[in-house]
Structures are given as structure tokens and as C-alpha cells.
Protein chains: 2
Amino acid sequence: MTSKQEFIEKLRNSSLRPTKQRINICEVLFNRDKTFHFTINDLFNLIKDKTGEKVSLATVYNTVHAFHRKGYLKEIPINSNQTYFDTNVTDHHHFFDVKEEKLIDLKNEDVGPIEIQKSIPGKKIKSVEVLVKLED
Amino acid sequence: MTSKQEFIEKLRNSSLRPTKQRINICEVLFNRDKTFHFTINDLFNLIKDKTGEKVSLATVYNTVHAFHRKGYLKEIPINSNQTYFDTNVTDHHHFFDVKEEKLIDLKNEDVGPIEIQKSIPGKKIKSVEVLVKLED
DNA sequence: TCGTTGTTTATAATTATTCTAAAGAAGATT
DNA sequence: AATCTTCTTTAGAATAATTATAAACAACGA
Ligand SMILES: [Mn+2]
Ligand SMILES: [Mn+2]
Ligand SMILES: [Zn+2]
Ligand SMILES: [Zn+2]
């Protein structure tokens, strides 16, 4: 259970003023027990459903991107027509149920450490992500 | 060095008639030594450059998708505004140079076998892909 | 309260991708 | 080879996710 004060802190850290709309976005994003995988469209609809107030799509996009830049949200590489985000910003891997179009977290122990034996001169590793696609 | 006969065979296998345009597409896609990572737009421009003949964008999209359906091309999951394809259709992993927006193949031995210890009832694993993002 | 700066929103713009339908080419049949 | 049928190419329109714009509005510090 996350408090409104924490939302305000996250917003301030992201150089965003705590407005009613942004607090509502935070409510849907961060007031949860488990990790939340979503598209902008998912989020947009959940805000209406959960708070009863509509936030414009532009504000949802802008706020999500600010949180992403700040590291409060993670972008999950999936080939889909929509971009997927994740409230679990730790390094972790995913199942992607292709039929349901749903992401499921994999614990690191379910995959094990991944040692990359190759390197590219002048480049360093930023992230290592495993995506396991599921079918019926 | 792949021959025109092989292109025709690939096309026929994909239920496509071997037209001049599709042969040109094959020329750019498959007449290579090493694996080729590309977006539709890359391919579209390379066809003009390499064959001197323009193929319509719609035909490029349609042909790439037919090859993809048939398994002659692989789609690489990347969050980009454009979809990436790969002529290497074997199971393998990638570096993605975020700045250059370039994919680089990783040999399986550079990553090692990946054992997924978790399973979802009613679902089976379709693919396991590692994406290693690179920064400067 | 006032002034400044940042925010929201409807709406337009952008861009990758897909669709459409008319003109053209491939393959089969004679 | 001429003809018929089916598939293909293409320009342009349609779609859909995302981003940009700019006018009305709200947060905040003085
Ligand atoms: Mn982003
Ligand atoms: Mn495809
Ligand atoms: Zn996750
Ligand atoms: Zn590859």
C-alpha cells in the first residue's frame, strides 16, 4: 500500500508537479502488491475505471515517459503494436503469452545467471533481458 | 552466393509467384555471406541501391511477411519505432547497440544454454531470446 | 493576491503499417 | 500463340500508436 506522499515524492523526483491527474496515474501504477505490466492504453482505461476521473491521453503518455526516464518504469522489448511498460524496474526476465498478449515475470532464479562471453570494443552492457514466448 | 533458382524455390514454398520484384527482394535478402538484420525501410532503400529498380513499399511488406510466415525470416523483439527482421532464422541471441540502432548476432556459445525452470500450465515454450543492450 | 512557470487537454501532425482497387503479369488451357 | 483465370504490383487511402501544438488552466513562490 503506497501513500500519496510517496507519489508526490516520485513526481517531484521526476521534475513533475503533483497534480490531480498525475496522482491518479500514480494510484493506478504504484498502489499495488505485485508488478504491473501495461500498455499506455491499458493504463488510460484503468485510470477511468479505478479513479472515476478521466485523464487525457497526452498526460498519460507524458507522465509515463517521465517516470521511464527517471527509472520508475521499465520498457519491455516486445514486438507488438503497442509499447509495454513494467512497474518492476529491477533486472528481470519475462514470459510473453503471445495469444493473451500478457507478460509474466520470471524470477532470476527461474532463469539463472546469464554470462555474456562476447564484448564489443567501446561498448558496455546496459541490460540483459530474456524473453520467453509462450504458445498453447 | 545464392542462385536465382533458390530464390524461386523460396518464393514457391511461400506460395508466391516468382516475379521480377520478388526476385530483387530475394537478391538483397539472401544473396549474402553473413546474417542480415534490417527494417522494412532499410530493405526498401537497399533494393533501389543494389538492383537499380524500385519495388513498391507494399510489395516489400507483403513479401517480407510471407517469408516470415514461412520461416525464412525471423522477427527480432526490440522496442523501436520500426520492426526488425533477421535472415538468421536459427535460435540465437542479440546485442542491440542502442545508439547505432544496430543488431549484432551472439553465438549460442557466447551466452550458454538457458534453462527455464518455471512453467505455465497449458502453455509451452515457443522461443527463448536474449537481448543484450549496449551503450557507450 | 499576483505573477511566473509548469500543466492539461483537445486536436492536429507524424509515422509505421495495412488496406484497396485498378492495371498489369504469370501460369494454365486451348 | 491467343485466351482465360488467377495472382501481383502499385499508388494512394486508411489505420493506429505516438508525439507535437497551443490555448485555457493550475501550482507555487513572492
Ligand atoms: Mn520511453
Ligand atoms: Mn510479421
Ligand atoms: Zn516484469
Ligand atoms: Zn540475428
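Each chain gets a letter, A, B and so on, in the order the sequences are listed, and its residues count up from 1.
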J.: Within residues 37-47 of chain A, which residues have any heavy atom lying less than 4.0 Å from an atom of DNA chain C?
T.: none
J.: Taking the side chain from His92(A) and the backbone from Thr90(A), do they hold a donor-acceptor pair closer than 3.5 Å?
T.: yes
J.: Do any N or O atoms from the side chain of Asn108(B) and from the backbone of Asp91(B) form a donor-acceptor pair under 3.5 angstrom?
T.: yes
J.: Where along residues 17-28 of chain A does a heavy atom come under 4.0 Å from DNA chain D, residue by residue in number order?
T.: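 When residues 17-28 of chain A is checked for heavy atoms under 4.0 Å from DNA chain D, the hits, listed by number, are Arg17(A), Pro18(A).
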J.: Is the phosphate of dT17(C) approached by His65(B) (side-chain N or O, under 4.0 Å from OP1 or OP2)?
T.: no
J.: With sequence neighbours left out, write down each residue that passes ring pair (Phe, Tyr, Trp, His ring centres under 6.0 Å) with Phe38(B), or none if nothing qualifies.
T.: Phe36(B), Phe85(B)
J.: Please tell me which of Arg12(B) and Asn81(B) maps to the more 5' nucleotide of DNA chain C, matching each residue to the nucleotide holding its nearest heavy atom.
T.: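 Residue closer to the 5' terminus by nearest nucleotide: Asn81(B).
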J.: Would you say the side-chain atoms of Thr35(A) and Asp86(A) include a donor-acceptor pair closer than 3.5 Å?
T.: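 Yes, a side-chain donor-acceptor pair sits under 3.5 Å.
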J.: Say whether, by atom type as modelled, one donor and one acceptor occur between the side chain of Thr63(B) and the main chain of Thr59(B) under 3.5 angstrom.
T.: yes
J.: In whole angstrom, give the distance that lies between atom CG of Leu16(A) and atom P of dT7(C).
T.: 6 Å
J.: Quick one: Leu11(A) CG to dG6(C) C1', roughly how many Å, whole number?
T.: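 Taking CG of Leu11(A) and C1' of dG6(C), I get 13 Å after rounding.
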J.: Does the Arg22(B) side chain pair with the main chain of Arg17(B), one donor and one acceptor, at a distance under 3.5 Å?
T.: yes
J.: Would you find more than 12 non-hydrogen atoms of other residues, nucleotides or ligands less than 6.0 Å from Lys4(A) atom NZ?
T.: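 Check fails, neighbour count at 12 or below.
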J.: Rounded to the Å, how far apart are Arg69(B) CZ and dT18(C) C1'?
T.: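 So the two atoms are 13 Å apart, to the nearest Å.
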J.: Among residues two or more places apart or on two chains, list those pairs meeting salt bridge (charged side-chain N to carboxylate O under 4.0 Å, His left out) that have a residue in residues 40-60 of chain A.
T.: Lys20(A)-Glu53(A)
J.: So that I know where these two stand, are Phe67(A) and Phe30(A) an aromatic pair - ring centroids less than 6.0 Å apart?
T.: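 When the ring centroids of Phe67(A) and Phe30(A) are compared, they turn out to be within the sub-6.0 Å range.
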J.: Counting heavy atoms not belonging to Lys102(B), are there more than 12 under 6.0 Å from its NZ?
T.: no
J.: List the residues meeting side chain to side chain contact (heavy atoms under 4.5 Å, CB included) with Leu57(A), not counting sequence neighbours, and say none if there are none.
T.: Ile40(A), Phe44(A), Tyr61(A)
J.: What is the 5' to 3' range of DNA chain D, first to last nucleotide, that sits under 4.0 Å from any heavy atom of chain A?
T.: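 Endpoints of the contacted stretch of DNA chain D: dA17(D) to dC28(D).
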